[in-house]
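Quick note on labels: first sequence line is chain A, next is B, and so on, each numbered from 1.
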2 protein chains.
Amino acid sequence: MDRVDELAEQADERAQSPSNAAATAPSRRKPESGTLGKALDVLDVIALSEKPPRFTDLLGQIDQPRGTLHRQISNLVAEGLVAVNPDHSYVPGLRLLKLAARAWSGNTFRLLAEPHIRQLHEATGETVHLGLMSGLEVIYLDKIESKQTVRMHSQVGNASPLYCTGVGKAMLARLPAEECAKRADQFEYFRHTPTTLHTPKLLLAEIEEIRQTGISHDREEHEPGIRCVAAGLSDDKQGIIAGVSVTAPAFRIADDDIENWQVLVLQAARAIERDMEARLGPRSQE
Amino acid sequence: MDRVDELAEQADERAQSPSNAAATAPSRRKPESGTLGKALDVLDVIALSEKPPRFTDLLGQIDQPRGTLHRQISNLVAEGLVAVNPDHSYVPGLRLLKLAARAWSGNTFRLLAEPHIRQLHEATGETVHLGLMSGLEVIYLDKIESKQTVRMHSQVGNASPLYCTGVGKAMLARLPAEECAKRADQFEYFRHTPTTLHTPKLLLAEIEEIRQTGISHDREEHEPGIRCVAAGLSDDKQGIIAGVSVTAPAFRIADDDIENWQVLVLQAARAIERDMEARLGPRSQE
DNA sequence: AATTGAGTTCCAAATAACGGAACTCTGTAT
DNA sequence: ATACAGAGTTCCGTTATTTGGAACTCAATT
């Protein structure tokens, strides 16, 4: 019943049917209530499609009568949330970028954490991420890229499952044990790589370890060849659970590096936590 | 009557009343029609506020009865477009980031242009932008940052006026003369710096020059100390008007650099145009 | 010329949004 | 302690928007 569930479900749908999803998938979409919700349903579908969908494609994926759907799309277009190509296919509109840009650059938590992850990047020379827990996913709020990374242009805003990412596991370890176990049961485990922790048991065992050390490792569990070292952080006052990580290709990493990074990542996480408390002390709103 | 106008107006409102706008400003906001539009009005206000507004702040800026506004906000929160802080202040929600991330990374034009601006960055070593024309503004679709830039963290998604930016002027020069003149009259000129072109006449004269050379200069017209060299590009088939630029602090720039960059920027723009046509040839939709 | 499929428009009926007023908190002054 | 004021929330009859089926247009095919 959670928004996150729904989005995860959509992602699955897409993963299972690489290309011609529109024609075959019999609309597994549960309609939301409220005018706004329905409009966002449509927007979601448009945003999540890899090829810009056309009217009929949408009609297949969204359980609405033609007339209704048409008006809903028209509204989205009128508001600038969706744009139409000359060939009548739909793409997400620029207004989204504008809104999100504001959301992002104004996010106080990100602003507060930024200097610390920047420093972490300078100390390690590798790609650094700042992630935030949102339901069963981690959403990347910021990243600083290592000099030359070919693949992966800006994860910012992207979401990944908690169970197979360094920051994700670090954040889970920050939850009360029961809550953590509850979530472990809710995941739909997918074995991204041979090392992915793909059962609640495996996951919870590792999280117990993370709780001891404060450090979490991603040993090519999400993408082959990619490892990372992460630490969690939280702030009860604001109800924030987040994490920072250093990521690098496995072949480039020496054991010395790992040990180094563990210290640095922990320092960064603690520094951010300290700043959060400090900021909340003097004046509560700003 | 344009969306862009409205947003520009909002920006003005903010610029004029730095801090306690909520209390004093008598809500210059014209309500949009349709449920969606009203919801987005609220979202806009939340996104554009510099401090997270509280319920009463919003009530002051949006001309709606308390009960109504409250429900509208509740809906936004339920949809994840807005989040509530513990102290009941509102911030834009993470769902926006997620939607925009998809919108951005899936944008075919951006993907197509990316290798070229990357190359431009490598050739110049300076910060490079890719901008798209949207109404009276340029929206930055991508940028690659020069090694150490302290200020300005990610312009991506941000909007600036056309008349005072390098890419903006370059794009205007791509319009038919009448259309260009029409827009020149629509701007609300603000003298950001002493060199800002602040009348239609000044602007049109410069644009005529840009039309000859294909190259546009920002001579600290938007921000003091910042100069840039830009070139416009367009594609009639898709109706896209865009531009690329190289930006750097004025003190660091030698005359040789400028001449160099002119050539490189033009090359990049032409290369992107060529790719667009090529992409549109083989198969029209993808 | 006829047929199909895609996209668009229309309007009575159903539904969701509206908005005024009443209510609940929480912190502050008496 | 008690009253007060301000912020935030809920309720419900009224009102306006959304709904969805059907009819219509346009372009490409047969």
Side-chain angles (χ1 to χ4, degrees), chain A residues 20-24 27 29-43 45-46 49 51-79 81-91 237 239 280 283-286, chain B residues 20-24 27 29-46 49 51-79 81-91 237 283-285:
Chain A
N20 60 342
T24 57
S27 102
R29 173 167 299 279
K30 48 192 157 189
E32 288 216 43
S33 65
T35 313
L36 220 198
K38 289 172 214 159
L40 285 176
D41 272 349
V42 178
L43 186 53
V45 175
I46 293 175
S49 302
K51 323 258 171 186
R54 313 190 46 174
F55 182 80
T56 321
D57 302 332
L58 294 173
L59 197 54
Q61 290 184 62
I62 300 168
D63 195 19
Q64 295 274 7
R66 283 218 298 290
T68 302
L69 178 61
H70 187 265
R71 184 179 31 73
Q72 287 171 338
I73 297 176
S74 302
N75 286 339
L76 287 171
V77 172
E79 294 299 339
L81 297 179
V82 166
V84 281
N85 291 335
D87 68 336
H88 290 188
S89 63
Y90 299 102
V91 290
K237 278 257 180 78
L280 239 38
R283 23 186 176 160
S284 66
Q285 56 167 309
E286 177 159 6
Chain B
N20 59 342
T24 57
S27 101
R29 174 168 299 278
K30 49 192 157 190
E32 287 216 44
S33 64
T35 314
L36 220 197
K38 289 173 214 158
L40 284 175
D41 272 349
V42 177
L43 185 54
D44 268 342
V45 175
I46 293 176
S49 302
K51 324 256 171 186
R54 313 190 45 174
F55 183 80
T56 319
D57 302 331
L58 293 174
L59 197 55
Q61 289 184 62
I62 300 168
D63 195 17
Q64 295 274 8
R66 283 222 300 287
T68 302
L69 179 61
H70 187 265
R71 183 178 30 74
Q72 287 170 340
I73 297 175
S74 301
N75 287 338
L76 288 171
V77 171
E79 294 300 338
L81 297 179
V82 165
V84 280
N85 291 335
D87 68 336
H88 290 184
S89 63
Y90 298 101
V91 289
K237 279 256 181 78
R283 21 185 179 160
S284 67
Q285 56 168 309

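- A close approach under 4.0 Å does not occur between any side-chain nitrogen or oxygen of B/Arg66 and OP1 or OP2 of D/dG8.
- Counting all heavy atoms, side chain and backbone alike, B/Val42 lies closest to B/Ile73 at CG1-CG1, 4.0 Å.
- Looking only at side-chain heavy atoms (C-beta outward), B/Tyr90 and B/Asn85 stay at 4.5 Å or farther from each other.
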Could you walk me through whether B/Leu36 and A/Thr35 satisfy the side chain to side chain contact (heavy atoms under 4.5 Å, CB included) test, starting with their C-alpha distance in whole Å, then the side-chain angles of each, then the deciding distance to 0.1 Å, before giving a yes or no?
CA-CA 7 Å; B/Leu36 220 197; A/Thr35 313; 5.9 Å; no
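- In this structure, A/Leu76 and A/Ala39 approach most closely via the heavy-atom pair CD1-O, 3.7 Å.
- Contacts of A/Thr68 with the nucleic acid, taken as non-hydrogen atoms under 4.0 Å apart, include base atoms.
- Rounded to whole Å, the distance from CG on B/Leu69 to P on D/dA7 is 14 Å.
- Side chain of A/Ser49 to main chain of A/Val45: a donor-acceptor pair is present (N/O by atom type, distance under 3.5 Å, no hydrogens or angles).
- With A/Asp57 contributing its side chain and A/Arg54 its backbone, the two residues share a donor-acceptor pair below 3.5 Å.
- At whole-Å resolution of the value, CD in B/Gln64 and C1' in D/dA16 are 13 Å apart.
- Separating the CZ atom of B/Arg71 from the P atom of D/dG13 is a distance of 16 Å, rounded to the nearest angstrom.
- A nucleotide of DNA chain C counts as in contact with chain A when one of its atoms lies under 4.0 Å from a heavy atom; the first and last such, 5' to 3', are C/dA6 to C/dA17.
- Of the possible donor and acceptor atoms, one in the side chain of B/Ser74 sits under 3.5 Å from a partner among the backbone N and O of B/His70.
- For the pair A/Arg54 CZ and D/dA28 P, the computed distance is 11 Å after rounding to whole Å.
- One interatomic measurement links the two molecules: CD1 of B/Ile73 to C1' of D/dG8, which rounds to 10 Å at whole-angstrom precision.
- Rotation axes derived from the C1' atoms of the five outermost pairs at either end of the helix from C/dA1-D/dT30 to C/dT30-D/dA1 lie 20° apart, to the nearest 10°.
- Between B/Gly67 and A/Leu36, the residue anchored closer to the 5' end of DNA chain C is A/Leu36, taking for each the nucleotide with the nearest heavy atom.
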In sequence, state the C-alpha distance, the side-chain angles, and the governing distance for B/Asn75 and B/Leu81, and then conclude on side chain to side chain contact (heavy atoms under 4.5 Å, CB included).
CA-CA 9 Å; B/Asn75 287 338; B/Leu81 297 179; over 6 Å; no
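- Between A/Gln72 and the phosphate of D/dT18, there is no side-chain N or O to OP1/OP2 separation shorter than 4.0 Å.
- Look at CG on B/Asn75: it is 16 Å from P on D/dT17, rounded to the nearest Å.
- Distance B/His88 NE2 to D/dG6 C1': 14 Å, rounded to the nearest Å.
- Rounded to whole Å, the distance from CG on A/Asp63 to P on D/dT19 is 13 Å.
- Contact check, A/Lys38 against D/dT19: a side-chain N or O comes under 4.0 Å of OP1 or OP2.
- Here the CD atom belonging to B/Glu79 is positioned 11.0 Å from the NZ atom belonging to A/Lys38, to the nearest 0.5 angstrom.
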